[in-house]
Amino acid sequence: MGQPVERESGARESGAAGQPELPPGQRLQRGWPVTHYGPVPKFRPERWEFRVFGATADGEKRCWTHEEFTALPYTSVVADLHCVTKFSMLGAEWGGIPARTVLEMAPPAPAVTHVMVWAEYGFSSNLRLADFASDRTLFATHKDGELLTAEHGFPLRLVVPHLYAWKGPKWVRGVEYMTADRRGFWEERGYHNIGDPWKEQRYSYQEEPGEGPEL
């Protein structure tokens with residue numbers, strides 16, 4: 001695994017007496033609950049690969065083995081995690097490979113507007129390209145200097161600090177570049193297509209025009 005080469009400060013708004021302000025409807029969580037749908041997959045390093053496919057700039061798929069992917073430049077970001085189940089974990093240090101590194105090594109075609117992040121068991125989550133390209137979006141391998149546990153997404157989970165945590169799947173296996181939006185696993189089951197916790201975008205019935213895929 002790579003080692004930290006950079007640490008960024010977490011950007012949070014502050015409330016009274018300098019205390020961190022939580023997004024609407026959230027409560028402060030001590031510790032890190034395990035939340036996911038389905039079983040924990042077994043990691044088989046010899047079979048694991050990370051794929052970038054879909055509307056790439058050159059039309060080709062790009063793949064990395066586990067050894068190759070985790071050898072990419074490592075950085076760390078201090079950021080909060082806001083779960084749609086209403087708990088917030090503040091000030092965690094996430095370490096891993098920036099999403100921007102993937103975009104640089106496997107550029108999307110000019111027409112790409114969204115990505116679908118794919119994980120084990122066919123789980124998926126859609127993101128606007130701008131959200132994925134944020135300098136704080138990270139393919140995390142570590143939390144607080146320690147390898148992720150299997151229950152928390154080892155060997156790889158996506159962290160998108162400015163969106164609800166379901167937008168950052170555990171057990172990530174690849175990214176699909178898309179020229180039009182479509183809903184991922186939880187978005188198809190009634191969750192908001194964007195998922196901004198500061199706007200409390202929890203459910204699809206809250207979507208404003210233009211926030212969901214065109215029908």
Side-chain angles (χ1 to χ4, degrees), residues 1-14 18-23 26 28-36 40 43 45 48-52 62 64-84 87-107 115 117-120 125 127-175 195-198:
M1 295 290 179
Q3 295 299 320
V5 296
E6 177 183 354
R7 179 183 174 117
E8 298 183 2
S9 298
R12 283 202 304 272
E13 298 182 25
S14 295
Q19 295 299 311
E21 181 181 345
L22 295 173
Q26 296 295 108
L28 182 63
Q29 176 69 41
R30 305 295 183 186
W32 191 8
V34 174
T35 57
H36 58 259
V40 176
F43 174 54
W48 192 95
E49 69 173 9
F50 182 94
R51 298 183 301 142
V52 176
R62 179 71 187 272
W64 290 264
T65 66
H66 180 253
E67 183 178 4
E68 291 168 340
F69 194 80
T70 54
L72 294 175
Y74 180 109
T75 191
S76 61
V77 173
V78 177
D80 306 334
L81 182 147
H82 303 297
C83 183
V84 73
F87 76 80
S88 289
M89 182 177 67
L90 304 184
E93 181 182 349
W94 306 96
I97 294 87
R100 281 189 173 182
T101 298
V102 173
L103 289 168
E104 291 167 1
M105 298 187 71
V115 303
V117 180
W118 290 95
E120 297 283 1
S125 185
L127 292 165
R128 297 173 296 188
L129 182 60
D131 292 319
F132 183 72
S134 166
D135 59 7
R136 293 172 58 76
T137 299
L138 192 71
F139 288 101
T141 57
H142 292 68
K143 175 185 171 289
D144 296 332
E146 301 290 337
L147 275 175
L148 295 173
T149 63
E151 292 78 11
H152 284 303
F154 178 84
L156 197 68
R157 72 177 291 158
L158 187 67
V159 175
V160 189
H162 62 284
L163 300 180
Y164 281 119
W166 92 79
K167 286 292 187 177
K170 301 178 183 180
W171 312 302
V172 173
R173 295 297 300 273
V175 176
D196 184 337
W198 295 97

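The model shown is predicted, which means the values in this text are computed figures rather than measured ones. Note: hydrogens, waters and symmetry copies are ignored here, and every other heavy atom, side chains too, is used.
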Novice: Can you list the steps and then say if Phe43 with His66 is a ring pair (Phe, Tyr, Trp, His ring centres under 6.0 Å)?
Specialist: CA-CA 10 Å; Phe43 174 54; His66 180 253; 4.9 Å; yes
Novice: How long is the span from the CD atom in Gln29 to the CE atom in Met89, to the nearest 0.5 Å?
Specialist: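 Gln29 atom CD to Met89 atom CE measures 9.0 Å (nearest 0.5 Å).
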Novice: Give, for atom CD1 of Ile97 and atom OG1 of Thr75, the distance between the pair rounded to the nearest 0.5 Å.
Specialist: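 Going from CD1 on Ile97 over to OG1 on Thr75, the span is 10.0 Å.
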Novice: Which atom names give the shortest non-hydrogen contact between Trp48 and Arg173, and what distance separates them?
Specialist: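 Here Trp48 and Arg173 meet closest at NE1-CD, 3.2 Å.
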Novice: Tell me whether Glu49 contacts the main-chain N or O of Thr65 through its side chain, where contact means a donor paired with an acceptor under 3.5 Å.
Specialist: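 A pair under 3.5 Å: no.
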Novice: So which atom in Glu151 and which in Trp171 form the shortest heavy-atom distance, rounded to 0.1 Å?
Specialist: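 Heavy atoms of Glu151 and Trp171 come nearest at O-CZ2, 4.1 Å.
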Novice: Hey, is the main chain of Gly96 close enough, under 3.5 Å, to the side chain of Ser76 for a donor-acceptor pair?
Specialist: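 No, because the side chain of Ser76 does not come within donor-acceptor range (under 3.5 Å) of the backbone of Gly96.
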Novice: Does the separation of the ring centres of His82 and Phe87 fall below 6.0 angstrom?
Specialist: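 Ring centroids of His82 and Phe87 are no less than 6.0 Å from each other.
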Novice: Examine distances only and state if a side-chain atom of Lys143 and a backbone atom of Glu93 form a donor-acceptor pair shorter than 3.5 Å.
Specialist: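 No: the side chain of Lys143 does not pair with the backbone of Glu93.
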Novice: Determine, stepwise, if the pair Phe139 / Phe69 fulfils side chain to side chain contact (heavy atoms under 4.5 Å, CB included).
Specialist: CA-CA 10 Å; Phe139 288 101; Phe69 194 80; 4.2 Å; yes
Novice: Begin with the C-alpha distance, continue with both residues' side-chain angles, and end with the deciding distance and a verdict on side chain to side chain contact (heavy atoms under 4.5 Å, CB included) for Trp118 and Val175.
Specialist: CA-CA 6 Å; Trp118 290 95; Val175 176; over 6 Å; no
Novice: Can you check side chain to side chain contact (heavy atoms under 4.5 Å, CB included) on Asp80 and Leu22, steps first, answer last?
Specialist: CA-CA 10 Å; Asp80 306 334; Leu22 295 173; over 6 Å; no
Novice: How far apart are the closest heavy atoms of Gln26 and Ser88, and which atoms are they?
Specialist: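 Minimum heavy-atom contact is NE2-OG, 3.0 Å.
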Novice: Identify all side-chain donor-acceptor contacts of residues 98-106 below 3.5 Å with residues at least two apart in sequence or on another chain.
Specialist:
{"from": "Arg100", "atom 1": "NE", "to": "Ala133", "atom 2": "O", "distance (Å)": "2.6"}

Novice: Are His142 and Tyr74 close enough that their ring centers fall under 6.0 Å?
Specialist: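 Aromatic pair counts; centres sit under 6.0 Å.
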Novice: How many angstroms lie between OG1 in Thr70 and CG in Leu156, if you round to the nearest 0.5 Å?
Specialist: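 With rounding to 0.5 Å, OG1 (Thr70) is 9.0 Å from CG (Leu156).
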Novice: Mind checking the CG-OG spacing from Leu129 to Ser134? Nearest 0.5 Å is all I need.
Specialist: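 Answer for the CG-OG pair, Leu129 versus Ser134, is 11.5 Å.
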Novice: Does one side chain, of His162 or Asp196, offer a donor that lies under 3.5 Å from an acceptor on the other?
Specialist: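 Not at all, the side chains of His162 and Asp196 share no donor-acceptor pair under 3.5 Å.
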Novice: Under 3.5 Å, side chain of Arg136 to main-chain N/O of Val160, donor-acceptor pair present?
Specialist: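 Not a single qualifying donor-acceptor pair exists.
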Novice: Start with the C-alpha distance between Phe154 and Thr141, add both sets of side-chain angles, then the distance that settles side chain to side chain contact (heavy atoms under 4.5 Å, CB included), and finish with yes or no.
Specialist: CA-CA 7 Å; Phe154 178 84; Thr141 57; over 6 Å; no
Novice: Using 0.5 Å steps for rounding, measure from the CG atom of Leu158 to the OG atom of Ser125.
Specialist: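 Rounded to the nearest 0.5 Å, the CG-OG separation comes to 8.0 Å.
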Novice: To the nearest 0.5 Å, what is the distance between CG (Leu127) and OG1 (Thr137)?
Specialist: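 One gets 7.5 Å once the value is rounded to the nearest 0.5 Å.
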